[in-house]
Protein chains: 2
Amino acid sequence: MAGDDLRAITEVDRVIHEPARLLIVALLSEVRSADFLFLQSETRLTKGNLSSHLSRLEQAGYLQIDKGFRGKVPQTVCSLTSEGRAAFRLYRAQMRRAVGRSAR
Amino acid sequence: MAGDDLRAITEVDRVIHEPARLLIVALLSEVRSADFLFLQSETRLTKGNLSSHLSRLEQAGYLQIDKGFRGKVPQTVCSLTSEGRAAFRLYRAQMRRAVGRSAR
DNA sequence: ACAGACTAGTTTGTGTTGCAGACCTACATG
DNA sequence: CATGTAGGTCTGCAACACAAACTAGTCTGT
């Protein structure tokens, strides 16, 4: 039944489902890595928010965060882990079922 | 830029974005109307939860809730309003940009 | 050299919300 | 009367999103 497919929606990964993080993950899914400032300008999130969303993604094992320096200036570089990419793939598959009717 | 499309994700309608309600709206989008018990069995939500999500959707103007009787038994029948359908259409368009395979 | 501004990011505080479960109302039936 | 059904409300709690305050260190002007 169609309902069974749909019911899976209630089990989507909330870490990714949150719009701000979905945006971050979607952005990162298209590149190898991105630094904090790039993400901030793309997402227009405040530093505080961006920082905590990144931490959340890291905690979930979806993101690798490398802190280094560009010259004397600290630099935070982020990239999705393979679990992160897999989780995003799954999320997309689930959501397409709910919204993607035209995609098929 | 692709980033601009994506950034719209952060503005999705949270009323619909919540998985339980997304499920309800997706179900209702495929029928003219559905009663409380049907929704409960399809969603597997508790009565309490289902009731409050329905109220939330009604408050948002997305849902019409008609309380009546089937014989002597009370019956709550729900159907999306045209605003509800429009909101869902918009939501789907926004989310497809984030998860749709042919986004670019 | 030292104050003040700037950069990069983290921590804290607050209000909202999603959810489960207990309870309530009204009617019907065994 | 006791139980069941339909459809809720209410309460308590944990999670969380967001903004604002804060920290650490660098750069600039005088």
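Keep in mind it's a predicted model, so treat the numbers as computed, not measured. Computation of the quantities below employed the complete heavy-atom set of this structure, encompassing side-chain atoms and omitting hydrogens, waters and symmetry-equivalent molecules. The sequence lines fix the lettering, A, B, ..., with proteins before strands; numbering per chain opens at 1.
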Per-nucleotide protein contact string for nucleotides 18-30 of chain C, where B marks a base within reach and S marks sugar-phosphate only (heavy atoms under 4.0 Å, - for neither): SBB-------S--
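In this structure, CG of Leu50(B) is placed 17 Å from P of dC10(D), rounded to the nearest angstrom. Separating the CG atom of Leu57(A) from the C1' atom of dG9(C) is a distance of 16 Å, rounded to the nearest angstrom. Atoms CD1 (Ile65(B)) and P (dG8(D)) sit 7 Å apart, rounded to a whole Å. Per the geometry, CG belonging to Leu54(A) stands 9 Å off P belonging to dG9(C), to the nearest Å. Rounded to whole Å, atom P of dG4(D) lies 13 Å from atom NZ of Lys47(B). Residue Glu58(A) contributes atom CD, which lies 13 Å from atom C1' of dG9(C) at whole-angstrom precision. Taking atom CD of residue Gln75(A) and atom C1' of nucleotide dA24(D), one finds them 17 Å apart after rounding to whole Å. When the C1' atom of dA15(D) is taken as reference, atom NE2 of His17(A) falls 15 Å away, rounded to whole Å.
Of the candidates dG7(D), dT11(C), dT9(D), the closest approach to any side-chain atom of Ser55(B) belongs to dT9(D).
Partners of Phe36(B) by ring-ring contact (aromatic ring centres under 6.0 Å, His included), not counting sequence neighbours: none found. In terms of the side-chain hydrogen bond (donor to acceptor under 3.5 Å, both in side chains) criterion, residue partners of Arg14(A) (sequence neighbours excluded) are, by chain and number, Glu18(B). The ring-ring contact (aromatic ring centres under 6.0 Å, His included) search around His17(B) returns His17(A), Tyr91(B), not counting sequence neighbours.
Residue pairs meeting the side-chain hydrogen bond (donor to acceptor under 3.5 Å, both in side chains) criterion with at least one member in residues 58-67 of chain A, sequence neighbours excluded, are Asp13(A)-Tyr62(A), Gln64(A)-Asp66(A).
In terms of hydrophobic clustering, with Ile, Leu, Val, Met, Phe, Trp and Tyr side chains grouped at heavy-atom distances under 4.5 Å, Leu23(A) and Val12(B) are assigned to a common cluster.
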Applying side chain to side chain contact (heavy atoms under 4.5 Å, CB included), run through Asn49(A) and Thr43(A) and close with a yes or a no. CA-CA 10 Å; Asn49(A) 249 205; Thr43(A) 61; over 6 Å; no
Could you go through Leu50(B) and Ile24(B), starting from their C-alpha distance and side-chain angles, then the distance that decides it, and tell me whether this counts as side chain to side chain contact (heavy atoms under 4.5 Å, CB included)? CA-CA 9 Å; Leu50(B) 177 55; Ile24(B) 292 168; 3.7 Å; yes
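Within the 4.5 Å cutoff, side-chain heavy atoms of Leu27(A) are placed close to those of Leu6(B). The shortest side-chain heavy-atom distance between Ile9(A) and Arg97(A) does not fall under the 4.5 Å cut-off.
Between Thr76(A) and dG9(C) there is a side-chain polar atom (N or O) within less than 4.0 angstrom of OP1 or OP2.
Interface residues of residues 33-40 of chain B facing DNA chain C, ordered by number: none; criterion, heavy-atom separation under 4.0 Å.
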